[in-house]
2 protein chains.
Amino acid sequence: MNKILAQLHQYAALSTDAQEAIGQALQKNHYAKNDFLLRKGQVCRHIYFIEKGALRGFYHTEEKEISHWFAFENDFVTSFHSFITGEPAVENIQFLEGAVLWAIPKDTLHELFDRFHEIERLVRIAYEKYYLRLEERFVNAQFKTAAERYEELLLTHPHIINRVPLGQVASYLGISQETLSRVRAGAMK
Amino acid sequence: MNKILAQLHQYAALSTDAQEAIGQALQKNHYAKNDFLLRKGQVCRHIYFIEKGALRGFYHTEEKEISHWFAFENDFVTSFHSFITGEPAVENIQFLEGAVLWAIPKDTLHELFDRFHEIERLVRIAYEKYYLRLEERFVNAQFKTAAERYEELLLTHPHIINRVPLGQVASYLGISQETLSRVRAGAMK
DNA sequence: AGCATCGTTTGATAATTATCAAAAACAGGA
DNA sequence: TCCTGTTTTTGATAATTATCAAACGATGCT
(Lines give C-alpha, C1' and ligand atoms only; values in the text may rest on other atoms or scores of the structure.)
Protein backbone atom coordinates (compact mmCIF):
# COMPACT_ATOMS: atom_id res chain seq x y z
CA MET A 1 0.00 0.00 0.00
CA ASN A 2 2.73 2.46 0.95
CA LYS A 3 4.68 1.32 -2.07
CA ILE A 4 1.80 2.33 -4.26
CA LEU A 5 1.58 5.79 -2.75
CA ALA A 6 5.32 6.18 -3.11
CA GLN A 7 5.06 5.35 -6.81
CA LEU A 8 2.17 7.76 -7.26
CA HIS A 9 4.18 10.44 -5.53
CA GLN A 10 6.58 10.31 -8.49
CA TYR A 11 3.89 11.89 -10.60
CA ALA A 12 2.40 14.38 -8.14
CA ALA A 13 1.81 14.96 -4.43
CA LEU A 14 -1.54 13.95 -2.92
CA SER A 15 -3.45 15.17 0.14
CA THR A 16 -4.08 12.75 2.99
CA ASP A 17 -7.74 12.61 2.03
CA ALA A 18 -6.94 11.61 -1.51
CA GLN A 19 -4.45 9.01 -0.32
CA GLU A 20 -7.03 7.44 1.96
CA ALA A 21 -9.64 7.36 -0.77
CA ILE A 22 -7.21 5.55 -3.02
CA GLY A 23 -6.34 3.10 -0.28
CA GLN A 24 -9.99 2.17 0.17
CA ALA A 25 -10.45 1.59 -3.55
CA LEU A 26 -7.69 -1.01 -3.84
CA GLN A 27 -8.18 -4.78 -3.86
CA LYS A 28 -5.40 -7.31 -3.46
CA ASN A 29 -5.11 -10.58 -5.42
CA HIS A 30 -2.72 -13.49 -6.00
CA TYR A 31 -2.02 -15.11 -9.37
CA ALA A 32 -0.07 -18.12 -10.61
CA LYS A 33 2.63 -18.27 -13.27
CA ASN A 34 1.33 -18.51 -16.86
CA ASP A 35 -2.20 -17.44 -15.81
CA PHE A 36 -3.87 -14.78 -17.89
CA LEU A 37 -4.81 -11.49 -16.30
CA LEU A 38 -6.68 -10.67 -19.49
CA ARG A 39 -7.45 -12.49 -22.71
CA LYS A 40 -8.07 -10.98 -26.10
CA GLY A 41 -11.75 -10.18 -26.41
CA GLN A 42 -12.32 -9.41 -22.74
CA VAL A 43 -12.88 -5.87 -21.52
CA CYS A 44 -10.25 -4.61 -19.11
CA ARG A 45 -11.95 -2.73 -16.27
CA HIS A 46 -9.06 -2.24 -13.86
CA ILE A 47 -5.68 -0.70 -13.47
CA TYR A 48 -3.28 -2.95 -11.58
CA PHE A 49 -0.24 -2.31 -9.43
CA ILE A 50 2.38 -5.04 -9.21
CA GLU A 51 3.48 -5.75 -5.66
CA LYS A 52 5.36 -8.85 -6.74
CA GLY A 53 5.86 -10.71 -9.98
CA ALA A 54 6.22 -10.08 -13.70
CA LEU A 55 3.75 -9.74 -16.55
CA ARG A 56 3.75 -9.27 -20.27
CA GLY A 57 1.28 -7.81 -22.74
CA PHE A 58 1.23 -9.51 -26.12
CA TYR A 59 -0.58 -9.57 -29.41
CA HIS A 60 -1.29 -12.94 -30.92
CA THR A 61 -2.33 -13.68 -34.49
CA GLU A 62 -2.14 -16.84 -36.60
CA GLU A 63 1.25 -15.89 -38.00
CA LYS A 64 3.01 -14.49 -35.01
CA GLU A 65 3.03 -13.32 -31.45
CA ILE A 66 4.51 -10.03 -30.31
CA SER A 67 5.20 -9.12 -26.70
CA HIS A 68 4.90 -5.35 -26.61
CA TRP A 69 5.54 -4.68 -22.95
CA PHE A 70 6.87 -6.27 -19.79
CA ALA A 71 6.08 -5.10 -16.27
CA PHE A 72 7.57 -5.83 -12.86
CA GLU A 73 7.39 -4.83 -9.22
CA ASN A 74 6.04 -1.30 -8.65
CA ASP A 75 4.76 -0.91 -12.20
CA PHE A 76 1.17 -0.08 -13.05
CA VAL A 77 -0.42 -2.17 -15.80
CA THR A 78 -3.63 -2.39 -17.74
CA SER A 79 -4.73 -3.03 -21.27
CA PHE A 80 -4.57 0.63 -22.10
CA HIS A 81 -6.76 0.51 -25.16
CA SER A 82 -9.48 -1.59 -23.64
CA PHE A 83 -9.43 0.24 -20.32
CA ILE A 84 -9.84 3.63 -21.96
CA THR A 85 -12.28 2.79 -24.71
CA GLY A 86 -14.28 0.10 -22.93
CA GLU A 87 -13.91 -2.08 -26.01
CA PRO A 88 -12.76 -5.72 -25.95
CA ALA A 89 -9.00 -6.02 -25.67
CA VAL A 90 -6.96 -6.86 -28.74
CA GLU A 91 -4.08 -8.02 -26.58
CA ASN A 92 -3.46 -10.60 -23.87
CA ILE A 93 -1.88 -10.04 -20.48
CA GLN A 94 -0.11 -13.01 -18.94
CA PHE A 95 1.91 -13.71 -15.81
CA LEU A 96 5.54 -14.57 -16.40
CA GLU A 97 5.84 -15.46 -12.72
CA GLY A 98 3.52 -15.92 -9.79
CA ALA A 99 2.36 -12.47 -8.73
CA VAL A 100 0.56 -10.27 -6.23
CA LEU A 101 -1.43 -7.37 -7.67
CA TRP A 102 -3.52 -4.51 -6.34
CA ALA A 103 -6.46 -3.51 -8.50
CA ILE A 104 -8.53 -0.35 -8.81
CA PRO A 105 -11.73 -0.45 -10.88
CA LYS A 106 -12.27 2.10 -13.64
CA ASP A 107 -15.60 3.26 -12.19
CA THR A 108 -14.04 3.92 -8.84
CA LEU A 109 -11.20 5.81 -10.45
CA HIS A 110 -13.62 8.09 -12.25
CA GLU A 111 -15.46 8.75 -9.00
CA LEU A 112 -12.13 9.73 -7.51
CA PHE A 113 -11.53 12.08 -10.44
CA ASP A 114 -14.80 13.85 -9.58
CA ARG A 115 -14.04 14.06 -5.88
CA PHE A 116 -10.36 14.99 -6.16
CA HIS A 117 -9.11 17.25 -8.92
CA GLU A 118 -5.59 16.39 -7.74
CA ILE A 119 -6.04 12.70 -8.54
CA GLU A 120 -7.13 13.46 -12.08
CA ARG A 121 -4.12 15.78 -12.36
CA LEU A 122 -1.83 12.99 -11.19
CA VAL A 123 -3.23 10.67 -13.81
CA ARG A 124 -2.89 13.36 -16.47
CA ILE A 125 0.78 13.66 -15.55
CA ALA A 126 1.20 9.89 -15.50
CA TYR A 127 -0.22 9.72 -19.02
CA GLU A 128 2.31 12.31 -20.14
CA LYS A 129 5.14 10.14 -18.90
CA TYR A 130 3.75 7.00 -20.42
CA TYR A 131 3.36 8.80 -23.72
CA LEU A 132 6.93 10.01 -23.64
CA ARG A 133 8.23 6.52 -22.95
CA LEU A 134 6.31 5.08 -25.87
CA GLU A 135 7.49 7.89 -28.12
CA GLU A 136 11.06 7.20 -27.17
CA ARG A 137 10.70 3.51 -27.93
CA PHE A 138 9.09 4.36 -31.22
CA VAL A 139 11.92 6.63 -32.28
CA ASN A 140 14.55 4.15 -31.16
CA ALA A 141 12.88 1.44 -33.19
CA GLN A 142 13.43 3.49 -36.32
CA PHE A 143 16.83 4.97 -35.60
CA LYS A 144 18.70 2.01 -34.20
CA THR A 145 19.57 -1.43 -35.47
CA ALA A 146 18.46 -4.58 -33.71
CA ALA A 147 21.88 -4.99 -32.14
CA GLU A 148 21.88 -1.43 -30.79
CA ARG A 149 18.41 -1.81 -29.37
CA TYR A 150 19.49 -4.97 -27.58
CA GLU A 151 22.54 -3.24 -26.16
CA GLU A 152 20.39 -0.41 -24.92
CA LEU A 153 17.87 -2.77 -23.37
CA LEU A 154 20.72 -4.53 -21.63
CA LEU A 155 21.87 -1.23 -20.14
CA THR A 156 18.55 0.31 -19.25
CA HIS A 157 16.35 -2.70 -18.45
CA PRO A 158 18.57 -5.67 -17.61
CA HIS A 159 15.76 -7.21 -15.53
CA ILE A 160 13.78 -7.72 -18.74
CA ILE A 161 16.57 -9.82 -20.17
CA ASN A 162 17.01 -11.74 -16.95
CA ARG A 163 13.40 -12.56 -16.27
CA VAL A 164 11.86 -12.93 -19.73
CA PRO A 165 12.35 -15.81 -22.22
CA LEU A 166 14.53 -14.81 -25.14
CA GLY A 167 11.89 -15.38 -27.77
CA GLN A 168 9.63 -12.87 -26.09
CA VAL A 169 12.39 -10.31 -25.78
CA ALA A 170 13.08 -10.78 -29.48
CA SER A 171 9.50 -10.00 -30.44
CA TYR A 172 9.64 -6.98 -28.13
CA LEU A 173 12.66 -5.75 -30.05
CA GLY A 174 10.98 -6.49 -33.34
CA ILE A 175 13.34 -9.22 -34.51
CA SER A 176 13.32 -13.00 -34.73
CA GLN A 177 14.54 -15.14 -31.89
CA GLU A 178 17.40 -16.50 -34.00
CA THR A 179 18.62 -13.05 -34.89
CA LEU A 180 18.57 -11.99 -31.25
CA SER A 181 20.50 -15.11 -30.31
CA ARG A 182 23.17 -14.21 -32.85
CA VAL A 183 23.23 -10.58 -31.75
CA ARG A 184 23.80 -11.77 -28.24
CA ALA A 185 26.68 -13.98 -29.29
CA GLY A 186 28.29 -10.85 -30.71
CA ALA A 187 28.26 -12.27 -34.21
CA MET A 188 26.55 -9.27 -35.69
CA LYS A 189 28.96 -6.46 -34.94
CA MET B 1 -11.82 30.12 -32.95
CA ASN B 2 -15.04 28.17 -33.21
CA LYS B 3 -13.20 25.47 -35.08
CA ILE B 4 -10.91 25.07 -32.12
CA LEU B 5 -13.77 24.72 -29.66
CA ALA B 6 -15.40 22.23 -32.00
CA GLN B 7 -12.23 20.14 -32.02
CA LEU B 8 -11.96 20.35 -28.24
CA HIS B 9 -15.55 19.24 -27.95
CA GLN B 10 -14.48 15.89 -29.40
CA TYR B 11 -12.67 15.20 -26.18
CA ALA B 12 -15.11 16.65 -23.63
CA ALA B 13 -17.74 19.34 -23.22
CA LEU B 14 -16.76 22.69 -21.73
CA SER B 15 -18.72 25.36 -19.86
CA THR B 16 -19.11 28.79 -21.42
CA ASP B 17 -16.72 30.22 -18.84
CA ALA B 18 -14.04 27.72 -19.74
CA GLN B 19 -14.54 28.34 -23.44
CA GLU B 20 -14.12 32.06 -22.98
CA ALA B 21 -11.00 31.62 -20.92
CA ILE B 22 -9.48 29.49 -23.66
CA GLY B 23 -10.47 32.03 -26.30
CA GLN B 24 -8.63 34.78 -24.44
CA ALA B 25 -5.50 32.69 -24.13
CA LEU B 26 -5.10 32.10 -27.85
CA GLN B 27 -2.79 34.04 -30.17
CA LYS B 28 -2.93 33.92 -33.96
CA ASN B 29 0.10 33.84 -36.27
CA HIS B 30 1.05 33.41 -39.92
CA TYR B 31 3.99 31.37 -41.22
CA ALA B 32 5.65 30.75 -44.57
CA LYS B 33 6.39 27.45 -46.29
CA ASN B 34 9.64 25.78 -45.17
CA ASP B 35 9.91 27.97 -42.06
CA PHE B 36 10.64 26.25 -38.80
CA LEU B 37 8.13 26.43 -35.98
CA LEU B 38 10.75 24.85 -33.75
CA ARG B 39 14.37 23.83 -34.15
CA LYS B 40 16.21 21.09 -32.32
CA GLY B 41 17.64 22.57 -29.12
CA GLN B 42 14.89 25.13 -28.56
CA VAL B 43 12.33 24.72 -25.80
CA CYS B 44 8.76 24.38 -27.00
CA ARG B 45 6.48 26.48 -24.78
CA HIS B 46 3.23 26.36 -26.72
CA ILE B 47 0.57 24.08 -28.06
CA TYR B 48 -0.58 25.09 -31.53
CA PHE B 49 -3.81 24.63 -33.42
CA ILE B 50 -3.65 24.55 -37.22
CA GLU B 51 -6.25 26.77 -38.85
CA LYS B 52 -4.63 26.35 -42.26
CA GLY B 53 -1.52 24.63 -43.57
CA ALA B 54 0.57 21.52 -43.00
CA LEU B 55 3.50 20.73 -40.70
CA ARG B 56 5.86 17.89 -39.99
CA GLY B 57 7.90 16.88 -36.97
CA PHE B 58 11.22 15.28 -37.79
CA TYR B 59 14.41 13.99 -36.22
CA HIS B 60 17.63 14.82 -37.93
CA THR B 61 21.05 13.22 -37.36
CA GLU B 62 24.16 13.02 -39.50
CA GLU B 63 23.08 9.74 -41.04
CA LYS B 64 19.41 10.25 -41.61
CA GLU B 65 16.28 12.23 -41.18
CA ILE B 66 12.99 10.76 -40.01
CA SER B 67 9.65 12.51 -40.22
CA HIS B 68 7.65 11.06 -37.37
CA TRP B 69 4.39 12.98 -37.74
CA PHE B 70 2.45 15.19 -40.12
CA ALA B 71 -0.30 17.57 -39.11
CA PHE B 72 -2.97 19.48 -41.03
CA GLU B 73 -6.01 21.68 -40.57
CA ASN B 74 -7.75 21.24 -37.19
CA ASP B 75 -4.88 19.29 -35.65
CA PHE B 76 -3.12 20.30 -32.47
CA VAL B 77 0.67 20.17 -32.53
CA THR B 78 3.60 20.70 -30.22
CA SER B 79 6.95 19.12 -29.54
CA PHE B 80 5.43 16.80 -26.99
CA HIS B 81 8.62 15.90 -25.21
CA SER B 82 9.95 19.43 -24.95
CA PHE B 83 6.59 20.92 -24.03
CA ILE B 84 6.05 18.47 -21.19
CA THR B 85 9.54 18.26 -19.78
CA GLY B 86 10.65 21.83 -20.46
CA GLU B 87 13.86 20.42 -21.94
CA PRO B 88 15.30 21.45 -25.32
CA ALA B 89 13.59 19.72 -28.19
CA VAL B 90 15.29 16.78 -29.90
CA GLU B 91 13.13 17.23 -32.95
CA ASN B 92 12.37 19.95 -35.50
CA ILE B 93 8.97 21.22 -36.58
CA GLN B 94 8.71 22.65 -40.06
CA PHE B 95 5.99 24.04 -42.31
CA LEU B 96 5.25 21.99 -45.40
CA GLU B 97 3.02 24.82 -46.62
CA GLY B 98 2.25 28.37 -45.62
CA ALA B 99 0.12 28.22 -42.48
CA VAL B 100 -2.05 30.00 -39.93
CA LEU B 101 -1.74 28.79 -36.34
CA TRP B 102 -3.29 29.60 -33.00
CA ALA B 103 -1.01 29.26 -29.99
CA ILE B 104 -1.61 28.77 -26.30
CA PRO B 105 1.36 29.13 -23.90
CA LYS B 106 2.12 26.37 -21.44
CA ASP B 107 1.97 28.70 -18.42
CA THR B 108 -1.46 29.90 -19.41
CA LEU B 109 -2.63 26.34 -19.90
CA HIS B 110 -1.55 25.40 -16.41
CA GLU B 111 -3.37 28.41 -14.99
CA LEU B 112 -6.45 27.19 -16.80
CA PHE B 113 -5.97 23.75 -15.25
CA ASP B 114 -6.07 25.37 -11.80
CA ARG B 115 -9.14 27.46 -12.58
CA PHE B 116 -11.11 24.83 -14.48
CA HIS B 117 -10.99 21.17 -13.46
CA GLU B 118 -12.91 20.44 -16.67
CA ILE B 119 -10.10 21.77 -18.85
CA GLU B 120 -7.57 19.55 -17.19
CA ARG B 121 -9.98 16.66 -17.66
CA LEU B 122 -10.29 17.47 -21.33
CA VAL B 123 -6.54 17.41 -21.71
CA ARG B 124 -6.31 14.15 -19.78
CA ILE B 125 -8.76 12.64 -22.23
CA ALA B 126 -6.91 14.13 -25.19
CA TYR B 127 -3.70 12.50 -23.95
CA GLU B 128 -5.49 9.17 -23.78
CA LYS B 129 -6.45 9.46 -27.42
CA TYR B 130 -3.00 10.54 -28.49
CA TYR B 131 -1.50 7.62 -26.61
CA LEU B 132 -3.84 5.16 -28.29
CA ARG B 133 -2.96 6.49 -31.72
CA LEU B 134 0.74 6.15 -31.08
CA GLU B 135 0.25 2.65 -29.69
CA GLU B 136 -1.66 1.65 -32.80
CA ARG B 137 1.07 2.98 -35.07
CA PHE B 138 3.65 1.16 -32.99
CA VAL B 139 1.86 -2.16 -33.26
CA ASN B 140 1.26 -1.71 -36.97
CA ALA B 141 4.93 -1.01 -37.49
CA GLN B 142 5.74 -4.45 -36.09
CA PHE B 143 2.88 -6.47 -37.52
CA LYS B 144 2.70 -5.20 -41.05
CA THR B 145 5.09 -5.05 -43.95
CA ALA B 146 6.08 -1.78 -45.58
CA ALA B 147 3.67 -2.39 -48.43
CA GLU B 148 0.76 -3.03 -46.07
CA ARG B 149 1.53 0.06 -44.06
CA TYR B 150 1.54 2.13 -47.22
CA GLU B 151 -1.80 0.68 -48.29
CA GLU B 152 -3.25 1.48 -44.91
CA LEU B 153 -1.90 5.02 -44.98
CA LEU B 154 -3.45 5.45 -48.39
CA LEU B 155 -6.83 4.38 -47.03
CA THR B 156 -6.81 6.18 -43.70
CA HIS B 157 -4.71 9.28 -44.39
CA PRO B 158 -4.67 9.96 -48.12
CA HIS B 159 -4.01 13.68 -47.47
CA ILE B 160 -0.58 12.74 -46.11
CA ILE B 161 0.32 11.11 -49.38
CA ASN B 162 -1.09 13.99 -51.40
CA ARG B 163 0.52 16.83 -49.49
CA VAL B 164 3.84 15.41 -48.33
CA PRO B 165 6.95 14.65 -50.45
CA LEU B 166 7.47 10.95 -50.97
CA GLY B 167 10.83 10.83 -49.25
CA GLN B 168 9.29 12.15 -46.06
CA VAL B 169 6.42 9.70 -46.22
CA ALA B 170 8.96 6.91 -46.64
CA SER B 171 10.83 7.87 -43.49
CA TYR B 172 7.48 8.08 -41.69
CA LEU B 173 6.77 4.50 -42.74
CA GLY B 174 10.26 3.44 -41.73
CA ILE B 175 11.52 2.53 -45.19
CA SER B 176 13.75 4.09 -47.84
CA GLN B 177 12.38 6.35 -50.49
CA GLU B 178 13.32 3.89 -53.22
CA THR B 179 11.50 1.04 -51.54
CA LEU B 180 8.39 3.15 -51.16
CA SER B 181 8.56 4.11 -54.79
CA ARG B 182 8.68 0.45 -55.75
CA VAL B 183 5.87 -0.43 -53.38
CA ARG B 184 3.79 2.26 -54.99
CA ALA B 185 4.49 0.91 -58.46
CA GLY B 186 3.04 -2.37 -57.23
CA ALA B 187 6.28 -4.17 -57.85
CA MET B 188 6.41 -5.65 -54.38
CA LYS B 189 3.28 -7.73 -54.22
C1' DA C 1 11.94 28.07 -74.89
C1' DG C 2 15.81 26.86 -72.06
C1' DC C 3 17.86 26.03 -67.68
C1' DA C 4 18.14 24.69 -62.93
C1' DT C 5 16.16 22.51 -59.10
C1' DC C 6 13.57 19.32 -56.78
C1' DG C 7 11.13 15.09 -56.45
C1' DT C 8 10.49 10.50 -58.19
C1' DT C 9 11.60 6.27 -60.57
C1' DT C 10 14.52 2.51 -62.17
C1' DG C 11 18.43 -0.73 -62.18
C1' DA C 12 22.20 -3.36 -60.15
C1' DT C 13 24.26 -4.89 -56.08
C1' DA C 14 25.13 -5.45 -51.12
C1' DA C 15 23.61 -5.87 -46.48
C1' DT C 16 20.33 -7.29 -43.20
C1' DT C 17 17.10 -10.21 -41.36
C1' DA C 18 13.76 -14.08 -41.63
C1' DT C 19 12.82 -18.79 -42.19
C1' DC C 20 13.41 -23.64 -41.85
C1' DA C 21 15.68 -27.41 -39.75
C1' DA C 22 18.36 -29.57 -36.51
C1' DA C 23 21.45 -29.77 -32.57
C1' DA C 24 22.71 -28.33 -27.97
C1' DA C 25 21.76 -26.61 -23.40
C1' DC C 26 18.89 -26.26 -19.54
C1' DA C 27 15.26 -27.12 -15.97
C1' DG C 28 11.94 -29.67 -13.45
C1' DG C 29 9.78 -33.97 -12.10
C1' DA C 30 9.74 -39.07 -11.34
C1' DT D 1 20.21 -39.51 -12.00
C1' DC D 2 17.59 -40.01 -16.07
C1' DC D 3 13.88 -38.58 -18.87
C1' DT D 4 11.07 -35.05 -21.01
C1' DG D 5 9.81 -30.81 -22.56
C1' DT D 6 11.23 -26.19 -23.19
C1' DT D 7 14.53 -22.69 -24.45
C1' DT D 8 18.49 -21.31 -26.90
C1' DT D 9 21.98 -21.80 -30.38
C1' DT D 10 23.86 -22.92 -34.87
C1' DG D 11 23.84 -23.64 -39.89
C1' DA D 12 22.18 -23.12 -44.62
C1' DT D 13 19.26 -20.67 -47.56
C1' DA D 14 15.75 -17.38 -49.07
C1' DA D 15 13.42 -13.06 -48.77
C1' DT D 16 13.37 -8.30 -47.81
C1' DT D 17 15.16 -3.92 -47.80
C1' DA D 18 18.99 -0.56 -48.19
C1' DT D 19 22.39 1.67 -50.83
C1' DC D 20 24.57 3.66 -54.72
C1' DA D 21 24.12 5.57 -59.19
C1' DA D 22 21.83 7.30 -62.91
C1' DA D 23 17.82 8.69 -65.51
C1' DC D 24 13.41 10.77 -65.82
C1' DG D 25 9.77 14.17 -64.89
C1' DA D 26 7.72 18.24 -63.30
C1' DT D 27 7.98 23.02 -61.82
C1' DG D 28 9.33 27.65 -61.63
C1' DC D 29 12.18 31.32 -63.22
C1' DT D 30 14.58 34.41 -66.64
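Being a predicted model, the structure only gives us computed values, none of them experimental. The chains referred to below are lettered A, B, ... by the order of the sequence lines, with proteins before strands, and numbering in each begins at 1.
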Return the polar atom pairs (N/O with N/O) between nucleotides 20-30 of chain C and the protein under 3.5 Å, or none.
from   : atom 1 : to     : atom 2 : distance (Å)
C/dC20 : N4     : A/E178 : OE2    : 3.0

Is there a donor-acceptor pair closer than 3.5 Å between any side-chain N or O of A/Q168 and the backbone N or O of A/P165? no
Connected-component partners of A/V90 among ILVMFWY, side-chain separation under 4.5 Å: A/Y59, A/I66, B/V139, B/F143
Within this structure, what is the CD-to-C1' distance between A/Q142 and D/dT17, rounded to whole angstrom? 14 Å
Does a nitrogen or oxygen in the side chain of B/T179 sit under 4.0 Å from OP1 or OP2 of D/dT17? no
Hydrophobic cluster of B/F58, others only, ordered by chain and residue number, side-chain cut-off 4.5 Å: B/F36
Atom pairs, protein N/O to nucleotides 23-30 of chain D N/O, distance under 3.5 Å:
none

Using modelled atom types only, decide if a donor and an acceptor are shared between the side chain of B/S67 and the backbone of B/S171 within a distance under 3.5 Å. no
With the side chain defined as heavy atoms from C-beta on, B/I175 is closest, among D/dT9, C/dA18, D/dA18, to D/dA18
Inter-axis angle, terminal five-pair segments of the helix from C/dA1-D/dT30 to C/dA30-D/dT1 [nearest 10°]: 30°
Under 4.0 Å: is that the gap between some side-chain N or O of B/S176 and OP1 or OP2 of D/dT17? no
Can you tell me how far C1' of C/dA18 sits from CG of A/L173, to the nearest Å? 15 Å
Taking the six-membered ring for Trp and the single ring otherwise, decide whether the centroids of B/Y131 and A/Y127 are under 6.0 Å apart. no
Test of understanding: with ring pair (Phe, Tyr, Trp, His ring centres under 6.0 Å), list the residues that count as partners of B/F76, not counting sequence neighbours. B/F49
Just grab all the salt bridge (Lys or Arg N to Asp or Glu O under 4.0 Å) pairs involving residues 87-106 of chain A, residues at least two apart or on different chains. A/E97-A/R163
Rounded to whole Å, how long is the line connecting atom CG of B/L180 with atom P of C/dG7? 15 Å
Donor-acceptor under 3.5 Å (A/D75 side chain, A/F72 main chain): yes
Please say which of A/E148, A/E152, A/E135 ends up in a side chain to side chain donor-acceptor pair (under 3.5 Å) with A/N140. A/E152
Donor-acceptor pair, distance only, cut-off 3.5 Å: does the side chain of A/T78 make one with the backbone of A/H46? yes
Can you tell me how far P of D/dT17 sits from NZ of B/K64, to the nearest Å? 14 Å
Can you name the residues that form a ring pair (Phe, Tyr, Trp, His ring centres under 6.0 Å) with A/H157, not counting sequence neighbours? A/H159
Quick one, which residues of residues 161-172 of chain B touch DNA chain C with a heavy atom under 4.0 Å? B/P165, B/L166, B/G167
Rounded distance in Å - CD (A/Q177) to P (D/dT10): 13 Å
Mind calculating the distance between OH (A/Y150) and C1' (D/dT8) to the nearest angstrom? 12 Å
Give me each pair satisfying salt bridge (Lys or Arg N to Asp or Glu O under 4.0 Å) with a member in residues 49-59 of chain B, each pair once, sequence neighbours excluded. B/K52-B/E73, B/R56-B/E65
Within residues 81-105 of chain B or reaching into it, pairs that qualify as ring-ring contact (aromatic ring centres under 6.0 Å, His included) - sequence neighbours excluded: B/Y31-B/F95
Qualifying salt bridge (Lys or Arg N to Asp or Glu O under 4.0 Å) pairs, either residue in residues 164-180 of chain B, two or more places apart: none
